[in-house]
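For reference, the structure discussed in these notes is given below.
Quick note: residue numbers are just sequence positions, from 1. Predicted model only: the values in this text are computed from it and were never measured.
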Amino acid sequence: KAPFNFGTKIDWKKKALQPADILQFTNAKFKGKMYSSYFPQHTAIIYKCNKKDVTVFHQNYNDKRLVDTLTMHLADLKGGTVDAYRPFAK
């Protein structure tokens, strides 16, 4: 069991992600043609997504303390984990 209670855990490789899903990155290493990123421990909320890319709201990344957006291609994950959660109403 994950130490997070963000909602129902979903397998993002098998089930389509949707806005408001929560992503938890743990030692996640991404490497694409024009970029690389590393998220040792990071949480983000999906703003929009399609079959290839997700755009997330997140903060405290690259020395930015404000909420910002970031678009990434989850298939570029080369190491670590990305867990996805679907929030549920209380």
Side-chain angles (χ1 to χ4, degrees):
K1 183 178 176 182
F4 307 102
N5 189 14
F6 295 136
T8 304
K9 191 169 182 179
I10 58 173
D11 184 345
W12 58 268
K13 294 176 183 176
K14 295 179 181 178
K15 190 171 186 174
L17 294 170
Q18 61 189 36
D21 285 347
I22 298 169
L23 299 179
Q24 178 61 45
F25 303 90
T26 305
N27 296 321
K29 297 175 187 177
F30 290 87
K31 184 154 177 63
K33 291 180 182 180
M34 304 288 287
Y35 80 102
S36 65
S37 296
Y38 176 65
F39 302 95
Q41 187 75 287
H42 194 66
T43 305
I45 300 170
I46 295 179
Y47 167 59
K48 60 183 178 178
C49 52
N50 59 39
K51 289 185 180 182
K52 289 186 176 185
D53 301 315
V54 295
T55 301
V56 298
F57 289 123
H58 71 141
Q59 67 181 19
N60 299 332
Y61 179 70
N62 279 346
D63 296 321
K64 291 184 180 180
R65 305 286 292 166
L66 302 174
V67 175
D68 198 3
T69 59
L70 173 70
T71 300
M72 63 180 65
H73 188 58
L74 291 178
D76 289 339
L77 181 67
K78 304 301 182 200
T81 60
V82 177
D83 293 317
Y85 299 88
R86 179 124 327 129
F88 47 80
K90 289 196 170 201

Item checked: Contacts of type side-chain hydrogen bond (donor to acceptor under 3.5 Å, both in side chains), residue T71, not counting sequence neighbours ->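 T71 satisfies side-chain hydrogen bond (donor to acceptor under 3.5 Å, both in side chains) with T55 only.
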Scan [range] for pairs that pass salt bridge (Lys or Arg N to Asp or Glu O under 4.0 Å), counting only residues two or more places apart or in two chains.
range          : value
residues 40-54 : none
residues 28-40 : none
residues 68-77 : K64-D68

Please enumerate all residues that pass side-chain contact (heavy atoms from CB on, under 4.5 Å) together with [X], with sequence neighbours excluded.
X   : value
P19 : C49
K15 : I10, R86
A28 : F25, F30, F39, L77, V82
Q59 : V67

If we only count heavy atoms from C-beta on, is the [X] to [Y] side-chain gap below 4.5 Å?
X   : Y   : answer
L17 : L74 : yes
F6  : D83 : no
Q24 : Q41 : yes

Checklist line | Minimum heavy-atom distance D21-Q18, with the two atoms named | finding: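 Minimum heavy-atom contact is OD2-N, 2.9 Å.
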Next item on the list: Considering non-hydrogen atoms only, spot the tightest contact between T43 and H58 and give its length.
Entry: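 Looking at all heavy atoms of both residues, the closest pair is O-CB, 4.1 Å.
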Check: Among all residues two or more places apart in sequence or in another chain, which pass the ring pair (Phe, Tyr, Trp, His ring centres under 6.0 Å) test with F57?
Finding: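 Ring pair (Phe, Tyr, Trp, His ring centres under 6.0 Å) check on F57 returns Y47.
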Next item on the list: Working to the nearest 0.5 Å, report the span between OG of S37 and NZ of K78.
Entry: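 S37 atom OG to K78 atom NZ measures 12.5 Å (nearest 0.5 Å).
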Note to self: Tell me whether the count of non-hydrogen atoms from other residues, nucleotides or ligands lying under 6.0 Å of CD1 in I46 goes above 12.
What the structure shows: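 More than 12 heavy atoms, drawn from other residues, nucleotides or ligands, come within 6.0 Å of this atom.
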Next item on the list: Would you mind listing the cluster partners of F88? Hydrophobic ones only (ILVMFWY), side-chain contacts under 4.5 Å, chaining allowed.
Entry: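 Once heavy-atom contacts under 4.5 Å are chained together, F88 still belongs with nothing else.
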